[in-house]
Amino acid sequence: MRIPKVPQAIFALVLLVCVAPTALFGQGQSTAKPRPRVIVIGVNGMEMDVIRPLILQGKMPNLAGIIKKGTYGKLRTVSAPNCPRVYSTLFTSTRPEEHGVSGFIVGGITANTNMLKEEPIWSILSKNSITVGMANVPATFPVMPVNGYMISGMLTRGKNCEDGVLCAPKLSEVQGGEAVYPPALKAELIKNVGNFYIDCERMPSAEELKDHEPEVIEAWLKKVDVIRAQQTQLFDYLLNTHPTDFTWLAQSCEDRTGHWLYPIAPYNAGYNPKINAVRTDAFPNQYIGFDGVLGSILKHVDDKTYVFIVSDHGIKPLREFEQTDPHAHMDHEKTTPVIAKHDFADGDDVPGSFFAMGPGIKQGLRLMGLEVSVYDLAPTILHLYGIDPSKQMRGRVLSEIFENSDGKVAQK
Ligand SMILES: [Zn+2]
């Protein structure tokens, strides 16, 4: 289904007519049958090559626990994967050329939700009276009305982040659209969580780094720690005070760090000891940090809750012969000396990852062979709620991850 030209207005009307206002935050639900609770945690550019040794060293106990209790494996992504391109595919289960968000910049304009030409999962769930909560999910700016709340993530525009690309405006400094739905939630968040940064810190430019490498790297990593601590607090507050049937939270500092601080060897393209020998622990530490965020989220998870951890792509050191363009060694804004990337023409070079646990999900199953793709998340989640995938969706229900392999899911 194509989204009408004024989806926000129409959907807001539908909400007013069909959903009691008290249901906006998931309270006052009057349905007789309890609905499954699903939490999706998005990690931008989670790289299994880096995670596996950390798990073996016991440094990611929370993720290790999910692997033990559930199903995991590589997640096939799209070609030339980047965050908005893949997230919009996860939202809609359609190809980038179909949903319209083909990259960071589309037709000269920073990607935004008004460009989405296919219906996203938050809209389908909301129409089916499922309560929805989303926070820091990339490519959700400006936010759209849902049967719950939405706080935008990567690509939010604001002060010091006018183009919205890979930078971090504070919640009070957002410009050019709303970052919070419903609007009243914004003041509540500032009061109870603080004036947090949306998205991760902008990477320093080559000029900023020159002759000040150690100081700039340390300062940048400190800011990343601050942002992660704020996000942890935000998620904890939302899960405590605004529980929803379906919740989608996301992290993006891991990928950002990997682009320029991936621990590479001197023979890798772009190696510069002045930068790359300073903090070889910086990138692995992001995942140890993520595991801490995961632990905080898992406090809100009982054995009836489904948890999906999904990465839109991996990230690898520069490696392609096709990249003769000197800008290929720079970041999206072509200023940071990057040493790793993910928008390789062949997306199979940088698969994402997929972890699932919950009632009826197989324990100890490892998915191999790239048979699970970013198209499959939305149909699988809809299936948990008894909603058939929309006609335009290209993915399938991942029936192989469920104990009863006829594809029917254990009902609560
Ligand atoms: Zn990236």
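For reference, positions follow the sequence shown, starting with 1. As the structure lists them, so they are numbered: ligands from 1, and atoms in each ligand from 1.
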Proximal heteroatom of D255 relative to the Zn ion (ligand 1) (N/O/S): OD2

Aromatic ring pairing F402/Y306, orientation class (parallel under 30°, perpendicular over 60°, tilted between): perpendicular

Degrees at the Zn ion (ligand 1) between the NE2 atom of H342 and the NE2 atom of H259, nearest 10°: 90°

Metal proximity, D343 vs the Zn ion (ligand 1), N/O/S cut-off 2.8 Å: no

Pairs flagged by side chain to side chain donor-acceptor pair (under 3.5 Å) wherever residues 293-303 is involved - sequence neighbours left out: D236-H300, D302-T305

cation_pi(K316, Y262) dist<6.0 Å, angle<=45: no

F91, W122, F308 screened by ring pair (Phe, Tyr, Trp, His ring centres under 6.0 Å) with W248, the one that passes: F91

